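The basis for the numbers below is simple: all heavy atoms, side chains too, and nothing from hydrogens, waters or symmetry mates. Proteins get letters first, then strands, A, B, ... in listed order; numbering begins at 1 in each. These numbers come from a predicted model, not from an experiment.
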Amino acid sequence: MLDLALVRRDPERVRDSASRRGLDAGFVDRVLELDTRLRALRTNVETLKAEKNALTERIARAPNRAAAAEALRPELKALDERIAAGASEIPALAGEIEQMLGDVPNVLDPRVPVGRSEEDNVVVKQWGTPTSLPFTPKPHWEIGEALGILDFERATALSGSRFTVLRGEGARLSRALINFFLDRAAARSYLEVAPPFLVTRETMWSTGQLSKFSDAMFADASSDLFLIPTAEVPLTALHRGEILSGETLPLRYCAYSPCFRKEAGAAGKDTRGLMRLHQFEKVELVWLTLPERSDEALQKLVADSEAVLAELEIPYRVVDLCSADVGFNAARTFDLETWLPSQGRYREISSCSNCTDFQARRSGIRFRRAPTARPEFVHTLNGSGLPVGRTLTAILENFQEADGSVRVPDALIPYAGFSRIGAPPASPQGNGTT
RNA sequence: GGAGAGGUGGCAGAGUGGUCGAAUGCACUCGCUUGGAAAGCGAGCAGACCCUUUAAAGGUCUCGGGAGUUCGAAUCUCCCCCUCUCCGCCA
């Protein structure tokens with residue numbers, strides 16, 4: 001949520017950010033107008049209330065309270081009427097402002113490149129060279145199905161489209177990746193958390209997942225609980241409503257979780273394979289920082305995410321998302337994209353965002369610089385470190401060999417317990433089922 | 001799911017209609033004291049919003065949430081949420 005004070009203080013900045021995102025900035029004037037009216041109303045009502053409170057106190061101090069109450073009754077009644085009249089409009093006005101403000105995305109960092117689509121994202125770094133294979137690379141779903149480790153057909157029978165079943169080494173590799181990711185995060189001083197995968201509407205709202213633009217969530221209507229679309233939600237909201245002491249910052253959390261997304265707006269996109277499913281698994285990284293440290297934290301977060309990919313020897317690049325592509329909560333986002341040989345291009349695997357005080361304001365996560373200082377909002381950041389399915393995709397595609405087998409990256413072998421999926425037929429030891 | 005108890009400031013814990021945003025203790029901040037510390041002493045110490053150049057002063061609201069009774073509600077009434085104990089069920 002935007003700071004209303006910011007809209008008042010620097011409307012131009014808010015307008016500019018909205019139009020860079022390709023949104024109509026008309027809400028700024030509307031909010032300012034409503035706000036002016038609201039404050040005038042409130043001041044008026046509060047003055048009347050102060051008058052009433054003074055009279056009430058006079059009754060309390062009177063030697064004969066009943067008589068005093070009786071004497072002041074007409075005056076009090078008149079005040080009550082004026083208060084009620086003035087107050088009647090307040091909830092609607094406040095609600096309208098709240099709603100408008102709640103639907104406005106975060107103010108972009110001035111450094112975010114201006115653009116109209118993901119085409120305008122700026123590549124800031126490339127690691128490794130795109131894998132070139134001496135044969136025609138197969139897409140990961142073909143590799144996985146041929147190896148018997150991915151089963152889309154049975155998944156569809158169980159749950160419909162956009163699900164998969166992992167089998168054998170596929171399932172084990174998935175489990176290995178989760179442990180690998182968590183261990184690497186822990187080594188970089190993230191505290192591992194095992195959060196709930198279902199959260200309340202308030203929690204979902206507090207991290208900015210429930211705006212009017214979002215219908216991406218699976219939910220249980222009878223209990224009003226939502227399946228998390230990412231562990232960012234419970235991790236960021238972990239300290240909701242708290243006032244932290246400044247010296248505990250930064251707080252760094254990581255969590256494994258399944259993620260559930262309707263992918264309603266993605267019809268026709270990535271309909272095959274693991275890239276876009278209704279359910280996937282991920283290890284998420286979250287920071288709560290001092291405001292002046294969040295920029296630096298974003299760099300570290302990206303580096304933490306990168307380190308895992310590099311250790312897995314997967315060629316990737318880092319892109320600075322342009323104004324049209326930065327999400328609702330974020331002021332600035334860097335995506336990591338891995339090379340997919342079958343598509344001959346880089347595809348998103350991780351998104352690392354600085355949400356500044358946007359989520360913190362919605363969630364009421366504050367801190368004090370000193371024990372007697374005023375509370376301020378923290379800055380929150382989140383990034384994938386990493387998703388299992390897309391990492392598996394990158395491994396299958398980049399490490400595929402001509403015989404259809406797939407090498408396991410060295411770093412993962414201790415976790416997986418095997419070094420290759422689908423041993424070459426020439427090797428008599430390999431029985432393919434491990 | 002059933003029965004009972006309870007939700008008050010960072011924590012503990014008073015407060016059952018009036019000058020209570022709330023005693024007291026602990027914690028915390030500042031000062032005094034001390035060679036230094038502890039103890040002791042003094043002062044301060046919830047949040048949001050409004051007003052305000054800053055500060056100060058002031059105003060409104062908040063004692064789980066919402067609605068109500070009353071001139072006046074932490075205190076009374078109703079609804080909801082949550083926690084704890086016992087029973088039932090269960091991985």
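- Of the candidates B/U29, B/G47, B/C50, the closest approach to any side-chain atom of A/P371 belongs to B/U29.
- Remark: P of B/U53 and CZ of A/R9 are 16 Å apart, rounded to the nearest angstrom.
- The distance between the ring centers of A/H379 and A/F358 does not fall below 6.0 angstrom.
- With both ends at atom P, the span from B/A23 to B/U8 equals 16 Å, rounded to whole Å.
- Dashed line: the shortest gap from a side-chain N or O of A/R366 to OP1 or OP2 of B/A48 is under 4.0 Å.
- Using C1' as the reference atom, B/G13 and B/A22 are 12 Å apart when rounded to the nearest Å.
- For A/R374, the listed nucleotide lying nearest its side chain is B/G47; candidates were B/C50, B/G47, B/U19.
- Proximity of A/R42 to the phosphate of B/C49: no side-chain N or O atom is located under 4.0 Å from OP1 or OP2.
- Atom name C1', nucleotides B/U85 and B/G31: the rounded distance is 48 Å, in whole Å.
- Between B/C61 and B/A74, the distance separating the two C1' atoms is 15 Å to the nearest Å.
- With distances taken from any side-chain atom of A/A50 to the nucleotides B/G59, B/C61, B/A46, the minimum falls on B/G59.
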Could you walk me through whether A/Y415 and A/F180 satisfy the ring-ring contact (aromatic ring centres under 6.0 Å, His included) test, starting with their C-alpha distance in whole Å, then the side-chain angles of each, then the deciding distance to 0.1 Å, before giving a yes or no? CA-CA 7 Å; A/Y415 287 86; A/F180 173 71; 5.5 Å; yes
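- In this entry the distance linking CG of A/L41 with C1' of B/C61 reads 16 Å, nearest Å.
- Remark: A/E153 CD is loosely packed, at most 12 non-hydrogen atoms of other residues, nucleotides or ligands lying under 6.0 Å away.
- Taking every side-chain heavy atom of A/I59 into account, B/C71 is the closest of B/C50, B/G47, B/C71.
- Dashed line: the shortest gap from a side-chain N or O of A/R368 to OP1 or OP2 of B/G47 is under 4.0 Å.
- The separation of B/C79 from B/C84, taken at their C1' atoms, amounts to 22 Å, rounded to a whole angstrom.
- A salt bridge links A/D16 with A/R20: the distance from a Lys NZ or Arg NE/NH1/NH2 to an Asp or Glu carboxylate oxygen falls below 4.0 Å.
- For the pair A/E57 CD and B/G17 C1', the interatomic distance rounds to 16 Å; values are reported in whole Å.
- Note on A/D29 versus A/R15: salt bridge recorded, some NZ/NE/NH1/NH2 to OD/OE distance being below 4.0 Å.
- In this structure, A/K49 places its NZ atom 15 Å from C1' of B/C71, rounding to the nearest Å.
- With B/G72, B/C61, B/U19 as the candidates, the nucleotide lying closest to the side chain of A/R65 is B/U19.
- In this structure, of B/G18, B/G47, B/C71, it is B/G47 that holds the atom nearest to the side chain of A/I243.
- Checked against B/U19, B/C50, B/C71, the side chain of A/K52 finds its nearest nucleotide in B/C71.
- Spacing between atom CG of A/N53 and atom C1' of B/G72 amounts to 9 Å, rounded to whole angstrom units.
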